[in-house]
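For reference, the structure is listed below as structure tokens.
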Amino acid sequence: ATPEVLASGWTADPADLLPLINPALRPADTRPVRRIEAVTDQVLAYHEGELDAVDDVPVHQRGGEFLAQAWQLLRALPPGAPVTYTELAAKAGRPGAVRAAGSACSRNAAALFVPCHRVVPAGGGVGGFRWGPDIKRWLLQHEAVAVD
């Protein structure tokens, strides 16, 4: 069985990821590994240009109903077609919940697999990203999206 991703990001230190995982899901201990079967290859394929390679990697996060729905919607966003926070809120059936849409992105522990980098501000630019604007900009450019 393919392991479920609990958290991911652009860091070599698992200690950076553990606090992102819901306490009920957080492992008691971690150990470094060179490969994670059926995940490492998918991440490498994504970086080599197969932009849908990580789409089917199982992710396990825990949050309220809106968060779960927003994370599911994020997984359905195609590469190269970013949406605004306002559009994400509308897709979730709560057009007034723009701040909640932003919160779903900021509370997303499984970056790349749940592609919150595909949500951008309506006013332009790349907006916030836990792993920094340079990484978000690279991801958007990798997915052939023009950003300022």
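Along the sequence shown, residues carry numbers from 1.
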If you round to the nearest 0.5 Å, how far is OG1 of T86 from NZ of K91?
12.5 Å
Answer yes or no: are there more than 12 heavy-atom neighbours, outside R99 itself, under 6.0 Å from its atom CZ?
no
Near-ring test W10/F129, centroid separation under 6.0 angstrom
yes
Provide the closest heavy-atom pair for T84 versus A122 in the form atom of the first, atom of the second, distance.
CG2-CA, 3.7 Å
Pairs in or reaching into residues 122-135: which pass salt bridge (charged side-chain N to carboxylate O under 4.0 Å, His left out), with residues at least two apart or in two chains?
D134-R137
Considering all heavy atoms of both residues, which atom of D13 and which atom of T11 are nearest to each other, and what is their separation?
N-OG1, 3.1 Å
Looking at side-chain heavy atoms only, is the closest gap between L77 and V119 below 4.5 Å?
yes
When you check the side-chain N and O atoms of Q61 and N108, is any donor under 3.5 Å from an acceptor?
yes
Salt bridge (charged side-chain N to carboxylate O under 4.0 Å, His left out) with D16: which residues, sequence neighbours excluded?
none
Members besides L18 in its Ile/Leu/Val/Met/Phe/Trp/Tyr cluster (side-chain heavy atoms under 4.5 Å)
L6, I21, L25
Interatomic distance, CG@L112 vs CD1@I135, rounded to 0.5 Å, equals 11.0 Å
Taking CZ in R75 as the centre, count heavy atoms belonging to other residues, nucleotides or ligands within less than 6.0 Å. Is the count above 12?
yes
Shortest non-hydrogen pair, Y46 vs L51, comes out as CD1-O, 3.6 Å
Could you walk me through whether H47 and W138 pass ring pair (Phe, Tyr, Trp, His ring centres under 6.0 Å), step by step?
CA-CA 11 Å; H47 283 87; W138 184 90; 5.6 Å; yes
From NE2 (H117) to NE2 (H142), nearest 0.5 Å:
8.5 Å
Report the C-alpha distance between V54 and V5 in whole Å, list the side-chain angles of each, state the deciding distance to 0.1 Å, and finish with yes or no for side chain to side chain contact (heavy atoms under 4.5 Å, CB included).
CA-CA 11 Å; V54 297; V5 172; over 6 Å; no
Shortest non-hydrogen contact from A15 to P19?
O-CD, 3.1 Å
Full working for side chain to side chain contact (heavy atoms under 4.5 Å, CB included) between V43 and S8
CA-CA 11 Å; V43 171; S8 59; over 6 Å; no
Would R94 pass as a cation-pi partner of F66, given that its NZ or CZ must be under 6.0 Å from the six-membered ring centre and within 45 degrees of the axis?
yes
Which pair of non-hydrogen atoms, one from P121 and one from G125, has the smallest distance, and what is that distance?
CD-O, 3.7 Å
Indicate yes or no: at least one non-hydrogen side-chain atom of R35 is less than 4.5 angstrom from one of D41.
yes
Would the distance check show the side chain of K136 and the main-chain N or O of G128 forming a donor-acceptor pair, the cut-off being under 3.5 Å?
yes
What closest approach, in Å, do A24 and R62 show between heavy atoms, and which atom pair accounts for it?
CB-NH1, 3.0 Å
Yes or no on side chain to side chain contact (heavy atoms under 4.5 Å, CB included) for E4 and V59, after CA distance, side-chain angles and deciding distance?
CA-CA 5 Å; E4 293 179 320; V59 171; over 6 Å; no
Do L88 and C105 have side-chain heavy atoms sitting under 4.5 Å apart?
yes
Quick check: is L17 connected to V33 through a chain of hydrophobic side chains (ILVMFWY, heavy atoms under 4.5 Å apart)?
yes
Rounded to the nearest 0.5 angstrom, the CG-CZ distance for N22 and R107 is 8.5 Å
